[in-house]
Amino acid sequence: MASSLNSAASLRLFASSSSSSSSAAARLSLRSTSLSFSSSLKSLAFSPLSRHKRGSAVSVSSTGGFSSVASPKCAASDPDQLKSAREDIKELLKSKFCHPILVRLGWHDAGTYNKNIEEWPRRGGANGSLRFEVELKHAANAGLVNALNLIQHIKDKYSGVTYADLFQLASATAIEEAGGPKIPMKYGRVDVSGPNECPEEGRLPAAGPPSPADHLREVFYRMGLNDKEIVALSGAHTLGRSRPERSGWGKPETKYTKDGPGAPGGQSWTVQWLKFDNSYFKDIKAKRDEDLLVLPTDAVLFEDPSFKVYAEKYAEDQETFFKDYAEAHAKLSNLGAKFNPPEVGL
(Lines give C-alpha, C1' and ligand atoms only; values in the text may rest on other atoms or scores of the structure.)
Protein backbone atom coordinates (compact mmCIF):
# COMPACT_ATOMS: atom_id res chain seq x y z
CA MET A 1 0.00 0.00 0.00
CA ALA A 2 2.22 2.58 -0.83
CA SER A 3 1.38 4.90 1.50
CA SER A 4 -1.80 4.20 0.21
CA LEU A 5 -3.48 1.18 0.12
CA ASN A 6 -2.41 -0.33 -3.32
CA SER A 7 -0.53 2.62 -3.50
CA ALA A 8 0.07 1.83 -6.35
CA ALA A 9 0.22 -1.00 -6.56
CA SER A 10 0.96 -1.10 -3.33
CA LEU A 11 -1.42 -2.34 -1.32
CA ARG A 12 -3.30 -4.03 -3.56
CA LEU A 13 -5.53 -2.30 -1.66
CA PHE A 14 -5.39 -0.18 -3.96
CA ALA A 15 -4.02 -1.65 -7.12
CA SER A 16 -3.28 0.52 -9.95
CA SER A 17 -1.94 0.70 -13.32
CA SER A 18 -2.19 3.17 -16.00
CA SER A 19 -2.65 2.76 -19.58
CA SER A 20 -2.93 5.19 -22.28
CA SER A 21 -3.14 3.05 -25.23
CA SER A 22 -4.95 0.00 -25.89
CA SER A 23 -2.30 -2.23 -27.27
CA ALA A 24 -4.37 -5.19 -27.13
CA ALA A 25 -2.11 -7.64 -25.97
CA ALA A 26 -4.22 -9.46 -24.14
CA ARG A 27 -2.48 -11.06 -21.69
CA LEU A 28 -5.49 -10.30 -20.09
CA SER A 29 -4.54 -10.78 -16.72
CA LEU A 30 -6.99 -8.47 -15.83
CA ARG A 31 -5.03 -6.35 -13.89
CA SER A 32 -4.49 -4.25 -16.73
CA THR A 33 -2.20 -1.54 -16.92
CA SER A 34 -4.17 1.21 -16.03
CA LEU A 35 -3.74 4.53 -17.09
CA SER A 36 -0.68 5.23 -18.43
CA PHE A 37 -2.38 4.17 -19.30
CA SER A 38 -1.22 7.39 -18.96
CA SER A 39 0.68 6.16 -16.42
CA SER A 40 0.05 2.58 -16.30
CA LEU A 41 -1.35 0.99 -13.42
CA LYS A 42 1.44 0.20 -11.61
CA SER A 43 2.76 2.81 -13.46
CA LEU A 44 0.31 4.51 -11.83
CA ALA A 45 0.59 3.43 -8.54
CA PHE A 46 0.39 0.12 -8.94
CA SER A 47 -1.42 -1.55 -6.28
CA PRO A 48 -2.97 -0.81 -3.16
CA LEU A 49 -0.10 -1.51 -0.98
CA SER A 50 2.66 0.41 -2.48
CA ARG A 51 3.72 3.96 -1.90
CA HIS A 52 4.03 6.53 -4.61
CA LYS A 53 5.90 9.63 -4.78
CA ARG A 54 4.25 12.65 -6.25
CA GLY A 55 1.08 13.03 -8.22
CA SER A 56 0.82 14.94 -11.41
CA ALA A 57 -1.00 18.16 -11.83
CA VAL A 58 -4.72 17.83 -11.90
CA SER A 59 -7.29 19.96 -13.57
CA VAL A 60 -9.79 21.07 -11.00
CA SER A 61 -12.91 23.10 -11.07
CA SER A 62 -13.38 26.46 -9.46
CA THR A 63 -14.81 24.69 -6.45
CA GLY A 64 -11.63 22.71 -5.91
CA GLY A 65 -12.96 19.47 -7.31
CA PHE A 66 -12.05 17.43 -10.32
CA SER A 67 -15.16 18.41 -12.17
CA SER A 68 -17.74 21.14 -12.01
CA VAL A 69 -20.51 18.58 -12.42
CA ALA A 70 -22.65 18.52 -9.31
CA SER A 71 -22.95 15.28 -7.35
CA PRO A 72 -26.03 14.23 -5.44
CA LYS A 73 -25.38 14.82 -1.75
CA CYS A 74 -28.51 13.64 -0.01
CA ALA A 75 -29.83 10.78 -2.09
CA ALA A 76 -28.59 7.43 -3.26
CA SER A 77 -27.24 7.15 -6.77
CA ASP A 78 -29.87 6.39 -9.38
CA PRO A 79 -30.01 2.58 -9.87
CA ASP A 80 -30.58 2.76 -13.61
CA GLN A 81 -27.68 5.18 -14.06
CA LEU A 82 -25.46 2.92 -11.93
CA LYS A 83 -26.23 -0.03 -14.21
CA SER A 84 -25.50 2.00 -17.32
CA ALA A 85 -22.30 3.38 -15.79
CA ARG A 86 -21.16 -0.17 -15.06
CA GLU A 87 -21.57 -1.10 -18.72
CA ASP A 88 -19.56 1.96 -19.75
CA ILE A 89 -16.82 0.96 -17.30
CA LYS A 90 -16.70 -2.50 -18.87
CA GLU A 91 -16.18 -0.94 -22.31
CA LEU A 92 -13.45 1.31 -20.89
CA LEU A 93 -11.64 -1.71 -19.47
CA LYS A 94 -11.72 -3.47 -22.84
CA SER A 95 -10.05 -0.57 -24.60
CA LYS A 96 -7.71 0.85 -21.95
CA PHE A 97 -6.71 -2.18 -19.88
CA CYS A 98 -6.98 0.02 -16.81
CA HIS A 99 -8.16 -2.57 -14.30
CA PRO A 100 -5.31 -2.03 -11.82
CA ILE A 101 -5.60 1.71 -11.51
CA LEU A 102 -9.37 1.61 -11.12
CA VAL A 103 -8.98 -0.90 -8.30
CA ARG A 104 -6.50 1.41 -6.68
CA LEU A 105 -8.84 4.39 -7.07
CA GLY A 106 -11.60 2.72 -5.08
CA TRP A 107 -9.23 1.41 -2.44
CA HIS A 108 -7.53 4.72 -1.87
CA ASP A 109 -10.77 6.61 -1.49
CA ALA A 110 -12.01 4.10 1.09
CA GLY A 111 -8.68 3.36 2.77
CA THR A 112 -8.46 6.65 4.67
CA TYR A 113 -11.12 5.45 7.13
CA ASN A 114 -10.43 5.77 10.85
CA LYS A 115 -12.76 3.66 12.99
CA ASN A 116 -11.88 5.76 16.03
CA ILE A 117 -13.55 8.86 14.56
CA GLU A 118 -17.35 8.82 14.44
CA GLU A 119 -18.04 12.11 12.68
CA TRP A 120 -18.64 11.98 8.93
CA PRO A 121 -16.74 12.92 6.83
CA ARG A 122 -13.85 13.56 9.22
CA ARG A 123 -13.56 9.79 9.72
CA GLY A 124 -12.52 9.39 6.06
CA GLY A 125 -13.50 6.44 3.93
CA ALA A 126 -15.51 5.98 0.74
CA ASN A 127 -16.91 9.48 0.33
CA GLY A 128 -15.54 10.72 -3.01
CA SER A 129 -12.97 13.04 -1.43
CA LEU A 130 -10.21 11.69 -3.67
CA ARG A 131 -11.54 13.79 -6.54
CA PHE A 132 -10.09 16.92 -4.95
CA GLU A 133 -6.61 18.16 -5.81
CA VAL A 134 -5.46 18.42 -2.19
CA GLU A 135 -5.95 14.67 -1.68
CA LEU A 136 -4.73 13.69 -5.14
CA LYS A 137 -1.42 15.32 -4.21
CA HIS A 138 -0.89 12.94 -1.28
CA ALA A 139 2.21 10.85 -2.01
CA ALA A 140 0.31 7.57 -1.86
CA ASN A 141 -2.06 8.80 -4.58
CA ALA A 142 0.60 9.57 -7.18
CA GLY A 143 -0.80 8.96 -10.64
CA LEU A 144 -4.43 8.55 -9.60
CA VAL A 145 -5.34 11.71 -11.46
CA ASN A 146 -5.05 9.46 -14.51
CA ALA A 147 -7.80 7.25 -13.16
CA LEU A 148 -10.03 10.27 -12.74
CA ASN A 149 -9.27 11.35 -16.27
CA LEU A 150 -10.32 7.91 -17.49
CA ILE A 151 -13.72 7.89 -15.80
CA GLN A 152 -14.65 11.57 -15.70
CA HIS A 153 -16.62 11.28 -18.93
CA ILE A 154 -18.71 8.57 -17.28
CA LYS A 155 -19.39 10.84 -14.30
CA ASP A 156 -20.35 13.65 -16.65
CA LYS A 157 -22.72 11.33 -18.50
CA TYR A 158 -24.41 10.04 -15.33
CA SER A 159 -24.89 13.00 -13.02
CA GLY A 160 -27.18 10.89 -10.84
CA VAL A 161 -24.22 8.79 -9.68
CA THR A 162 -22.01 10.11 -6.87
CA TYR A 163 -18.23 10.09 -7.13
CA ALA A 164 -18.11 7.90 -4.03
CA ASP A 165 -20.27 5.27 -5.71
CA LEU A 166 -18.53 5.59 -9.08
CA PHE A 167 -15.08 4.97 -7.55
CA GLN A 168 -16.29 1.82 -5.80
CA LEU A 169 -18.29 0.65 -8.82
CA ALA A 170 -15.22 1.02 -11.05
CA SER A 171 -13.02 -0.86 -8.58
CA ALA A 172 -15.38 -3.82 -8.14
CA THR A 173 -16.13 -4.02 -11.88
CA ALA A 174 -12.40 -4.08 -12.67
CA ILE A 175 -11.86 -7.04 -10.35
CA GLU A 176 -14.77 -8.96 -11.83
CA GLU A 177 -13.84 -8.21 -15.44
CA ALA A 178 -10.27 -9.38 -14.77
CA GLY A 179 -11.57 -12.80 -13.87
CA GLY A 180 -11.98 -12.22 -10.16
CA PRO A 181 -14.94 -12.95 -7.90
CA LYS A 182 -18.28 -11.15 -7.93
CA ILE A 183 -18.12 -8.50 -5.21
CA PRO A 184 -21.31 -8.16 -3.08
CA MET A 185 -21.56 -4.38 -3.49
CA LYS A 186 -24.15 -1.87 -2.34
CA TYR A 187 -24.55 1.74 -3.44
CA GLY A 188 -25.96 5.02 -2.21
CA ARG A 189 -22.80 6.69 -0.85
CA VAL A 190 -22.93 10.42 -0.21
CA ASP A 191 -20.13 12.64 -1.55
CA VAL A 192 -18.22 15.17 0.52
CA SER A 193 -18.85 18.66 -0.77
CA GLY A 194 -15.43 20.29 -0.79
CA PRO A 195 -11.65 19.92 -0.37
CA ASN A 196 -11.88 21.10 3.24
CA GLU A 197 -13.48 17.72 3.99
CA CYS A 198 -10.55 15.66 2.69
CA PRO A 199 -8.59 13.57 5.23
CA GLU A 200 -5.07 14.54 6.22
CA GLU A 201 -2.18 12.83 4.48
CA GLY A 202 -0.65 9.68 5.97
CA ARG A 203 -3.59 7.32 6.42
CA LEU A 204 -2.68 4.92 3.59
CA PRO A 205 -0.14 2.07 3.77
CA ALA A 206 3.50 2.28 2.68
CA ALA A 207 5.31 -0.36 0.62
CA GLY A 208 8.62 -0.54 2.46
CA PRO A 209 8.22 0.42 6.13
CA PRO A 210 10.89 -0.64 8.66
CA SER A 211 8.52 -3.16 10.27
CA PRO A 212 6.14 -4.32 7.50
CA ALA A 213 3.88 -6.52 9.63
CA ASP A 214 3.49 -3.90 12.35
CA HIS A 215 2.83 -1.22 9.74
CA LEU A 216 0.17 -3.21 7.93
CA ARG A 217 -1.61 -3.94 11.19
CA GLU A 218 -1.41 -0.33 12.32
CA VAL A 219 -2.99 0.91 9.12
CA PHE A 220 -5.57 -1.82 8.58
CA TYR A 221 -6.57 -2.29 12.19
CA ARG A 222 -7.30 1.45 12.23
CA MET A 223 -9.78 0.73 9.45
CA GLY A 224 -11.34 -2.10 11.42
CA LEU A 225 -9.86 -4.88 9.26
CA ASN A 226 -8.21 -8.05 10.57
CA ASP A 227 -5.25 -10.24 9.58
CA LYS A 228 -7.27 -12.41 7.19
CA GLU A 229 -8.61 -9.33 5.40
CA ILE A 230 -5.14 -7.79 5.20
CA VAL A 231 -3.78 -10.89 3.45
CA ALA A 232 -6.81 -11.32 1.20
CA LEU A 233 -6.73 -7.70 0.05
CA SER A 234 -2.99 -7.92 -0.57
CA GLY A 235 -3.85 -10.56 -3.15
CA ALA A 236 -5.12 -7.84 -5.44
CA HIS A 237 -1.49 -7.22 -6.30
CA THR A 238 -1.95 -10.00 -8.73
CA LEU A 239 -2.96 -7.11 -10.96
CA GLY A 240 -0.79 -4.29 -12.14
CA ARG A 241 2.80 -3.09 -12.17
CA SER A 242 5.07 -0.84 -10.13
CA ARG A 243 7.07 1.87 -11.83
CA PRO A 244 10.22 3.15 -10.10
CA GLU A 245 9.79 6.68 -11.40
CA ARG A 246 6.45 6.88 -9.63
CA SER A 247 6.85 4.79 -6.52
CA GLY A 248 10.52 4.23 -6.05
CA TRP A 249 9.95 0.48 -6.36
CA GLY A 250 10.36 -2.00 -9.18
CA LYS A 251 12.43 -2.34 -12.34
CA PRO A 252 12.03 0.00 -15.33
CA GLU A 253 10.82 -2.99 -17.33
CA THR A 254 10.86 -6.79 -17.40
CA LYS A 255 10.20 -9.49 -19.97
CA TYR A 256 6.60 -9.46 -18.78
CA THR A 257 6.02 -5.72 -19.16
CA LYS A 258 8.21 -4.51 -22.01
CA ASP A 259 5.42 -4.89 -24.55
CA GLY A 260 2.45 -3.66 -22.51
CA PRO A 261 -0.51 -3.86 -22.91
CA GLY A 262 -0.83 -0.16 -22.45
CA ALA A 263 2.34 1.83 -21.89
CA PRO A 264 5.25 -0.61 -21.63
CA GLY A 265 7.47 -0.90 -18.59
CA GLY A 266 7.39 -1.33 -14.86
CA GLN A 267 7.63 -4.51 -12.82
CA SER A 268 4.64 -6.71 -12.13
CA TRP A 269 3.93 -8.99 -9.20
CA THR A 270 2.68 -11.72 -11.50
CA VAL A 271 3.30 -12.97 -15.04
CA GLN A 272 -0.27 -12.32 -16.19
CA TRP A 273 -0.70 -8.99 -14.48
CA LEU A 274 -4.13 -8.28 -15.94
CA LYS A 275 -5.64 -11.50 -14.68
CA PHE A 276 -7.13 -11.83 -11.22
CA ASP A 277 -6.27 -15.18 -9.65
CA ASN A 278 -4.14 -16.51 -6.78
CA SER A 279 -0.81 -16.43 -8.64
CA TYR A 280 0.41 -13.57 -6.41
CA PHE A 281 0.55 -15.94 -3.46
CA LYS A 282 1.97 -18.79 -5.50
CA ASP A 283 4.75 -16.64 -6.95
CA ILE A 284 5.79 -15.10 -3.64
CA LYS A 285 5.92 -18.53 -2.04
CA ALA A 286 7.98 -20.00 -4.89
CA LYS A 287 10.52 -17.13 -4.97
CA ARG A 288 11.77 -18.35 -8.33
CA ASP A 289 11.42 -15.39 -10.70
CA GLU A 290 13.54 -12.28 -10.24
CA ASP A 291 11.48 -10.44 -12.83
CA LEU A 292 8.48 -10.48 -10.47
CA LEU A 293 8.17 -7.82 -7.78
CA VAL A 294 8.06 -8.67 -4.08
CA LEU A 295 7.78 -5.66 -1.78
CA PRO A 296 8.57 -5.88 1.95
CA THR A 297 4.82 -5.75 2.59
CA ASP A 298 4.38 -8.70 0.20
CA ALA A 299 7.18 -10.86 1.60
CA VAL A 300 5.98 -10.45 5.17
CA LEU A 301 2.77 -12.31 4.34
CA PHE A 302 4.81 -15.54 4.34
CA GLU A 303 7.02 -14.50 7.26
CA ASP A 304 4.60 -13.33 9.92
CA PRO A 305 3.04 -16.39 11.66
CA SER A 306 -0.53 -15.09 11.57
CA PHE A 307 -0.40 -13.74 8.01
CA LYS A 308 1.30 -16.92 6.80
CA VAL A 309 -1.67 -19.10 7.74
CA TYR A 310 -3.85 -17.26 5.22
CA ALA A 311 -1.16 -16.72 2.58
CA GLU A 312 -0.39 -20.44 2.49
CA LYS A 313 -4.08 -21.27 2.24
CA TYR A 314 -4.66 -18.83 -0.62
CA ALA A 315 -1.63 -20.15 -2.54
CA GLU A 316 -3.19 -23.61 -2.49
CA ASP A 317 -6.89 -22.80 -2.74
CA GLN A 318 -8.04 -20.13 -5.19
CA GLU A 319 -11.70 -20.69 -4.38
CA THR A 320 -11.11 -19.81 -0.72
CA PHE A 321 -9.06 -16.79 -1.75
CA PHE A 322 -11.84 -15.54 -4.04
CA LYS A 323 -14.44 -15.96 -1.30
CA ASP A 324 -12.39 -14.14 1.33
CA TYR A 325 -11.27 -11.46 -1.11
CA ALA A 326 -14.83 -10.66 -2.22
CA GLU A 327 -15.93 -10.24 1.40
CA ALA A 328 -12.93 -8.09 2.30
CA HIS A 329 -13.27 -5.90 -0.80
CA ALA A 330 -16.96 -5.29 -0.11
CA LYS A 331 -16.17 -4.38 3.50
CA LEU A 332 -13.42 -2.01 2.43
CA SER A 333 -15.70 -0.31 -0.09
CA ASN A 334 -18.18 0.57 2.65
CA LEU A 335 -15.72 1.95 5.19
CA GLY A 336 -16.69 5.38 6.45
CA ALA A 337 -19.42 5.76 3.84
CA LYS A 338 -22.71 7.49 4.58
CA PHE A 339 -25.61 5.92 2.70
CA ASN A 340 -28.65 8.08 2.08
CA PRO A 341 -31.05 6.44 1.70
CA PRO A 342 -29.22 3.33 2.83
CA GLU A 343 -28.22 0.71 0.34
CA VAL A 344 -29.14 0.58 -3.29
CA GLY A 345 -28.39 -2.70 -5.04
CA LEU A 346 -27.66 -3.40 -8.69
Side-chain angles (χ1 to χ4, degrees), residues 2 6-10 12 14-50 52-53 56 89-105 142-147 149-150 174-175 177-180 207 235-284 286-295 298:
N6 160 38
S7 131
S10 297
R12 272 208 175 139
F14 306 121
S16 81
S17 141
S18 52
S19 172
S20 59
S21 81
S22 74
S23 157
R27 217 182 248 162
L28 205 77
S29 20
L30 229 133
R31 264 102 211 176
S32 119
T33 261
S34 230
L35 232 24
S36 278
F37 302 51
S38 212
S39 301
S40 179
L41 173 67
K42 265 17 190 346
S43 76
L44 215 30
F46 23 125
S47 89
L49 284 168
S50 49
H52 288 68
K53 289 182 179 174
S56 25
I89 291 168
K90 290 180 180 179
E91 291 303 312
L92 178 69
L93 292 167
K94 291 176 183 177
S95 64
K96 298 296 184 181
F97 305 104
C98 52
H99 307 72
I101 197 171
L102 294 187
V103 173
R104 184 170 166 242
L105 178 67
L144 280 179
V145 62
N146 294 316
N149 283 328
L150 281 174
I175 292 291
E177 291 297 296
H237 266 165
T238 187
L239 293 181
R241 305 168 286 175
S242 173
R243 291 182 180 274
E245 70 274 16
R246 294 180 179 277
S247 67
W249 295 91
K251 297 179 180 180
E253 76 171 25
T254 71
K255 60 188 175 187
Y256 303 122
T257 66
K258 64 180 180 179
D259 297 321
Q267 185 175 12
S268 60
W269 285 262
T270 62
V271 175
Q272 290 184 298
W273 46 269
L274 287 182
K275 179 181 180 181
F276 195 94
D277 56 19
N278 67 337
S279 60
Y280 165 78
F281 298 104
K282 290 182 176 180
D283 292 339
I284 292 177
K287 299 180 180 177
R288 286 193 294 252
D289 196 331
E290 293 185 356
D291 269 340
L292 296 180
L293 180 64
V294 180
L295 298 170
D298 298 317

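Along the sequence shown, the residues carry numbers beginning at 1.
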Chemist: Can you tell me how far apart CZ (R243) and NZ (K251) are? Round to the nearest 0.5 Å.
Modeler: 15.0 Å
Chemist: How far apart are the closest heavy atoms of S242 and G250, and which atoms are they?
Modeler: OG-N, 4.2 Å
Chemist: Rounded to the nearest 0.5 Å, how far does CD1 of I284 lie from CG of L293?
Modeler: 9.0 Å
Chemist: Side chains of T238 and N278 only: does a donor on one sit below 3.5 Å from an acceptor on the other?
Modeler: no
Chemist: What pair of heavy atoms forms the shortest contact from L150 to L92, and how long is it?
Modeler: O-CD2, 3.7 Å
Chemist: Given 3.5 Å as the limit, does a donor-acceptor pair link the side chain of T270 with the main chain of S279, or not?
Modeler: no
Chemist: To the nearest 0.5 Å, what is the distance between CG on L105 and SG on C98?
Modeler: 10.5 Å
Chemist: Indicate yes or no: at least one non-hydrogen side-chain atom of L292 is less than 4.5 angstrom from one of S268.
Modeler: yes
Chemist: Supply the atom-to-atom distance I89 CD1 to E177 CD, rounded to the nearest 0.5 angstrom.
Modeler: 10.0 Å
Chemist: Indicate the atoms forming the closest heavy-atom contact of W269 with D283, along with that distance.
Modeler: O-OD2, 4.0 Å
Chemist: Heavy-atom count check: over 12 atoms from other residues, nucleotides or ligands less than 6.0 Å from K258 NZ?
Modeler: no
Chemist: Got L93 and L102 here, is their nearest side-chain heavy-atom distance under 4.5 Å?
Modeler: yes
